[in-house]
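Numbers restart at 1 for each chain; the letters A, B, ... are given by sequence-line order, proteins then strands. As the structure is a prediction and not an experimental result, all values here were calculated from the model.
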Amino acid sequence: MGESAQSMPLWGVVLLPVALLLLGYWAAAWSAVLTARAAGTPALGALAAPARESARLLVQQRRTVPGADPLLWRVGGAVVPVAAVLAVLVVPVAGRAAGDLSVGVVWFNAMEVLIWAAVWTVGWGANSVWGLVGAYRFLAQGLAYELPHMFALITAALGAGSLRVSDIAAAQGGLWFAVLMPVAFGVYLVSSLAMAYWGPFDQAVGRDLSGGAAAELSGVDRLVFCVGRYLMLAAAAAMAVPLFLGGGAGPLLPEWAWSVVKTAAVLALLVWLGHRLPTVRMDRFTEVGWVVLVPLTLLQALVVAIFVLVGW
Amino acid sequence: MVQTVVFAICAVASVAAGVAVFRVDSMARATLALLASFVFAAVTLLLLELSYLGILVVLMMVMEMMIMVVFMVMYMMNPAGLMPMTMVHNNRGALAISIGVFVALAAGILLLPWPTPGPPAPGDPTRDLAEAIMGSKMLVMMVIGMVLFATMVAATVLATDRGRYDRYGDDLRRREPDDPIRGGVGR
């Protein structure tokens with residue numbers, strides 16, 4: 001676990017989950033504003049909607065289901081926010097990450113994949129048919145996006161010649177990877193939506209299944225599960241900054257501020273996309289993923305590899 | 001010292017999770033216990049400073065176990081696998097085999113000479129590992145990869161009951177394939 005010389009000070013490590021929570025709140029509030037605007041209700045009042053909803057869920061009584069597997073059900077929901085926090089440990093802020101692993105990209109992906117287990121367990125543990133169908137849908141979704149997602153991550157690592165996230169951020173001195181490898185960046189954003197089961201990839205928790213994997217969740221369990229989803233979205237947005245958007249590079253503002261601004265912007269884009277696009281059926285998206293996205297990302301990796309070999 | 005403690009905790013936890021696989025009465029719990037066992041085993045690789053391999057084991061095992069549990073639940077005798085079940089079969093045979101394997105491995109530990117400490121660990125084990133795998137063995141890896149891929153394609157082709165003549169018509173002139181599930185890439 002090679003740590004780089006510049007690791008984050010301890011207060012930064014403590015602050016990291018708080019920062020992620022704030023970003024998650026920003027995502028939830030922006031989502032509420034978009035919903036309010038679409039419904040024609042005052043958008044300003046929607047800014048407090050996530051806080052109100054959280055308070056409501058905190059005092060709501062837990063629903064019990066006959067024949068449930070309470071252990072798996074509760075553990076599964078708790079894993080979602082934990083995985084998101086673990087994933088951002090490798091994201092450098094102002095050039096320093098909490099744990100700047102030499103294989104940070106792989107670590108990030110491994111923590112993302114924990115979501116597979118978490119959502120499946122939540123859906124299965126509830127002993128509800130809707131939950132089970134939602135859980136199966138989520139695994140099918142995982143199979144559809146995971147390979148393009150991996151190729152997108154690897155392409156960024158290939159461009160920098162390192163799996164260390166701070167190296168990847170530092171390698172974009174002249175030009176951001178979002179410009180050099182637009183396909184990888186686009187696929188990364190799309191798969192980020194899918195990994196956080198956010199629209200248009202929200203079929204696993206879709207309304208047609210009365211909430212799918214989350215169908216039977218109530219009270220604090222639902223709060224943890226939903227907060228975890230926003231944290232995951234925020235983690236994906238935070239990782240997009242060092243991978244494709246030049247990390248903290250930018251004029252005037254200090255590096256950490258640029259990281260935050262870029263993350264918030266990517267997050268806003270992701271949330272907005274989720275609201276704009278209709279839900280995609282997974283049996284259809286699987287074909288798109290394998291027939292279109294996998295070859296596209298492979299070609300992108302080939303182009304980047306050639307560029308790396310000839311030395312840009 | 002810290003390494004020894006972490007190793008001991010993970011070794012015990014890994015074995016305990018492995019035991020749990022055969023003690024629980026639910027396919028989901030059995031699968032997740034097996035997953036926990038593998039994750040604890042992956043920590044051993046991290047202790048050996050093989051961070052790439054260790055994290056990769058976590059990554060692959062989570063994906064693999066989640067796919068496996070779906071198939072396991074799907075093929076179980078009771079609907080959706082939600083009824084109590086047991087992972088233990090042929091107890092006597094299993095006991096004989098496991099005791100035999102344990103004795104053989106323990107004898108190996110005690111009888112074989114242990115390797116002396118070699119050169120110090122390289123600075124970047126990931127790079128060394130990649131060169132060890134991809135350097136002289138690249139041709140073997142690629143051939144094996146192609147054979148595996150060809151096997152998968154062949155197995156799928158043999159298993160499916162619909163060929164290209166079903167999809168594109170007898171003269172293969174149909175513009176859009178006739179698939180049971182519509183949608184996807186422009187259909």
For Glu112(A), which atoms come within 4.5 Å of any heavy atom of chain B: side chain, backbone, both, or neither?
neither
Side-chain donor-acceptor contacts of residues 156-165 of chain B below 3.5 Å, not counting sequence neighbours, with atom names and distances?
from: Thr156(B); atom 1: OG1; to: Met152(B); atom 2: O; distance (Å): 2.7
from: Thr160(B); atom 1: OG1; to: Arg162(B); atom 2: N; distance (Å): 3.4
from: Arg162(B); atom 1: NH2; to: Asp178(B); atom 2: O; distance (Å): 2.1

What part of Val292(A) lies closer than 4.5 angstrom to a heavy atom of chain B: side chain, backbone, both or neither?
side chain
Check each atom of Val291(A) against the heavy atoms of chain B and say whether the ones under 4.5 Å are side chain, backbone, both or neither.
side chain
Give the minimum heavy-atom separation between Trp120(A) and Val70(B), together with the two atoms involved.
NE1-CG2, 3.9 Å
Heavy-atom contact with chain B under 4.5 Å, split by part of Leu143(A):
side chain
Measuring from atom CZ of Arg29(B) to atom CH2 of Trp124(A), what distance do you get when rounded to the nearest 0.5 angstrom?
8.0 Å
May I ask you to list the residues in residues 75-84 of chain A that approach chain B closer than 4.5 angstrom, counting heavy atoms only, ordered by number?
none
Minimum heavy-atom distance between Leu72(A) and Ala28(B), given as atom pair plus value:
CD1-CB, 3.7 Å
Can you tell me how far apart CE (Met66(B)) and CD1 (Ile115(A)) are? Round to the nearest 0.5 Å.
12.0 Å
Please identify, among Asp69(A), Leu139(A), Leu71(A), the residue contributing the most non-hydrogen atom pairs under 4.5 Å to chain B.
Asp69(A)
Most heavy-atom pairs under 4.5 Å with chain A, out of Val69(B), Val58(B), Leu35(B), Leu56(B), belong to Val69(B)
Contact summary for Leu114(A) and Val62(B), nearest pair of heavy atoms:
CD2-CG2, 3.8 Å
Counting only heavy atoms not in Asp170(B) (residues, nucleotides, ligands), do more than 12 fall under 6.0 Å from its CG?
no
On a heavy-atom basis, the closest approach of Val106(A) and Tyr52(B) is CG2-CE1, 3.7 Å
Determine whether more than 12 heavy atoms belonging to other residues, nucleotides or ligands lie under 6.0 Å from atom CH2 of Trp73(A).
yes
By a 4.5 Å heavy-atom criterion (distance strictly below it), what part of Met282(A) contacts chain B: side chain, backbone, both, or neither?
neither
Got a sec: does the CZ of Arg63(A) have more than 12 other heavy atoms crowding it under 6.0 Å?
yes
